[in-house]
Asks: 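This is the structure I have questions about; it appears just below.
The sequence lines fix the lettering, A, B, ..., with proteins before strands; numbering per chain opens at 1. Since the model is a prediction, treat every value here as computed from it, not as a measurement.
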2 protein chains.
Amino acid sequence: MRTLRKDAQRNRDLLVAAARRRYAARGLDVPLEDIAKEAGVSIGTLYNRFPTRGELIEAALACKVANAVELAEKASTMADPWEGFAWFIEHCCELQAADRAYNELCARALPDTPEIDRLKARGHELVLRIVGNAKESGQLRADFEEGDFAFVVWSTTTIINATAATAPDAWRRHLAFLLDGLRADAAHPLPGKALEPDEVAEAMRTLGG
Amino acid sequence: MRTLRKDAQRNRDLLVAAARRRYAARGLDVPLEDIAKEAGVSIGTLYNRFPTRGELIEAALACKVANAVELAEKASTMADPWEGFAWFIEHCCELQAADRAYNELCARALPDTPEIDRLKARGHELVLRIVGNAKESGQLRADFEEGDFAFVVWSTTTIINATAATAPDAWRRHLAFLLDGLRADAAHPLPGKALEPDEVAEAMRTLGG
DNA sequence: CATGAACTTGAGGTCATCCTCAAGTTATGT
DNA sequence: ACATAACTTGAGGATGACCTCAAGTTCATG
């Protein structure tokens, strides 16, 4: 990608910032014309910089994904593995609660750019480690698998959306119930088997379309 | 409501049946023209019978709500209170999994007609009883409240949507984790306090709009 | 400066869905 | 069988979002 002319770069920055604000407030389906207006730029300019919807979403939100990966980095090195596991989940949910766009992203897939792929691979690796540590320490139930992780996040998305306006911390209560069910000493036999990583990816694609 | 002319009644029935099919397959946002076409009737006729979107949704789906209330009736009289509680939740989730429209209804509010109000009141009463019984028997944790019930249902909606195509029973695994966390012997202290019934209603309104 | 390439602009074409209404059709009661 | 109220129809106006492009403007470079 060649470097942009100064005015073009400025407009691009304005657009990304505007997109972040509108996405956070109204979700990923906000009309593109709203974003252009918020940026103080014409709709044509938006299309010049971001020919497809996905490119703008990625420019606006890739940093949020990086953010989540940082959380995972930290969680994976915490002294108490259960604390690391629970802390990571809690902070993922906080990200969702703070930003409607991120909430929707948890249930849609981002476009596959090299940058996103790298983040995904790293996140994947870290989740494996976090889950593995917590199981080894005997605190996380042994039948919890990596594929169950997506469920934990998905399980709070509707709650967060529903209660954002009236009781923005309500999801914490639900999460506490669920975490209690994930402790080793709570375990009862499970029905079915966990999803494989590619099944999780496929499921996200389903939701997006 | 006066009785309809014979042809009008027939068209109404066709419309309701068509709406059920389209809603179940594609969700509540399916275009009205699709429903009219599926019913083999013009769009004008649809508007004659159902001047507002809500009226058609109600005509098509009130029976599903009645269905859920029947489940609650049965659950509330089951011999083992924990079984009743878990059985009811499981079957609510099955309803969601079988019908995309019902899934969406769990997170939107139905219009308030006398019929719906009656069902809601009865459902409310039965949930109180189911939860009360399970707590009294010492199987359900004592800090679970009626307002937490909505969370249990909401927690599966995204999972059900995401996995409907690829792993239609995956939600059962998640629900098993959560139920383990709801057993009395799993209880750890909870953050925050439960939602009041009016807060739940308000939250549903938020999601719908 | 001057010139061309890069960039911006917004009116307007396209599309999908919503909803209405004037004209035509059908059921129903006498 | 007839009159009339009830009903159906589908073309088309209204809306809102998408996306394009020809004309105008600004930047960067010699």
Asks: Side chain of A:Thr113, backbone of A:Ile116: donor and acceptor closer than 3.5 Å?
Replies: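 Confirmed, A:Thr113 side chain pairs with A:Ile116 backbone.
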
Asks: Rounded to the nearest angstrom, tell me the gap between atom CZ in A:Arg12 and atom P in C:dA6.
Replies: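 In whole Å, C:dA6 P and A:Arg12 CZ are 18 Å from each other.
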
Asks: Could you state the CZ-C1' distance from B:Phe50 to D:dT8, rounded to the nearest angstrom?
Replies: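 Whole-Å distance recorded here is 15 Å.
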
Asks: Parallel, tilted or perpendicular: which fits the ring planes of A:Phe177 and B:Phe144, with parallel below 30° and perpendicular above 60°?
Replies: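 A:Phe177 and B:Phe144: tilted rings.
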
Asks: What is the nucleic acid contact for B:Arg49, judged by heavy atoms within less than 4.0 Å: base, sugar-phosphate only, or nothing?
Replies: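 Sugar-phosphate contact only.
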
Asks: Hey, are the side chains of A:Leu95 and A:His91 touching, using non-hydrogen atoms and a 4.5 Å cut-off?
Replies: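 Result no, sub-4.5 Å side-chain heavy-atom pair not found.
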
Asks: Under 4.0 Å from OP1 or OP2 of C:dG10: is there any side-chain N or O of A:Ser42 that close?
Replies: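 Checking C:dG10 against A:Ser42, no side-chain N or O comes under 4.0 Å of OP1 or OP2.
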
Asks: Can you confirm whether or not the ring centre of A:Tyr102 sits under 6.0 Å from the ring centre of A:Tyr23?
Replies: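 Not close enough - the centres of the two rings lie 6.0 Å or further apart.
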
Asks: Write down the distance between NZ (B:Lys37) and P (D:dT9), rounded to a whole number of angstrom.
Replies: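 Taking atom P of D:dT9 as the reference, NZ of B:Lys37 is at 14 Å.
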
Asks: Could you check B:Asp34 against A:Ala8 and say which one's nearest nucleotide on DNA chain C is further toward the 5' end?
Replies: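 The residue mapped nearer the 5' terminus is A:Ala8.
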
Asks: Tell me: CG of A:Leu46 to P of C:dA11, nearest whole Å?
Replies: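 Nearest whole value for this atom pair: 17 Å.
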
Asks: Does the side chain of A:Leu119 reach to within under 4.5 Å of the side chain of A:Arg122, using non-hydrogen atoms?
Replies: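 Answer no - side chains too far apart.
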
Asks: For every nucleotide of nucleotides 18-29 of chain D, 5' to 3': is a protein heavy atom under 4.0 Å from its base (B), only from its sugar-phosphate (S), or from neither (-)?
Replies: BBB-----BSS-

Asks: Do B:Phe88 and B:Phe149 make a side-chain contact, defined as non-hydrogen atoms from C-beta onward lying under 4.5 Å apart?
Replies: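 Contact flag for B:Phe88/B:Phe149 side chains = yes.
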
Asks: Would you say A:Asn11 reaches C:dC7's phosphate, i.e. side-chain N/O to OP1/OP2 under 4.0 Å?
Replies: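 A:Asn11 to C:dC7 OP1/OP2: no side-chain N or O under 4.0 Å.
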
Asks: What is the distance, to the nearest angstrom, from the CD atom on B:Gln9 to the C1' atom on D:dT8?
Replies: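 Those two atoms, CD and C1', are 16 Å apart.
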
Asks: Between atom CG in A:Leu15 and atom P in C:dT8, what is the gap in whole Å?
Replies: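 From A:Leu15 CG to C:dT8 P: 9 Å.
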
Asks: For B:Asp169, is there an ion pair with B:Arg172 - N to carboxylate O distance below 4.0 angstrom?
Replies: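 Yes, B:Arg172 and B:Asp169 are salt-bridged.
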
Asks: What is the separation between atom CG on A:Leu14 and atom C1' on C:dT8, rounded to the nearest whole Å?
Replies: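 Interatomic distance, CG of A:Leu14 to C1' of C:dT8: 13 Å.
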
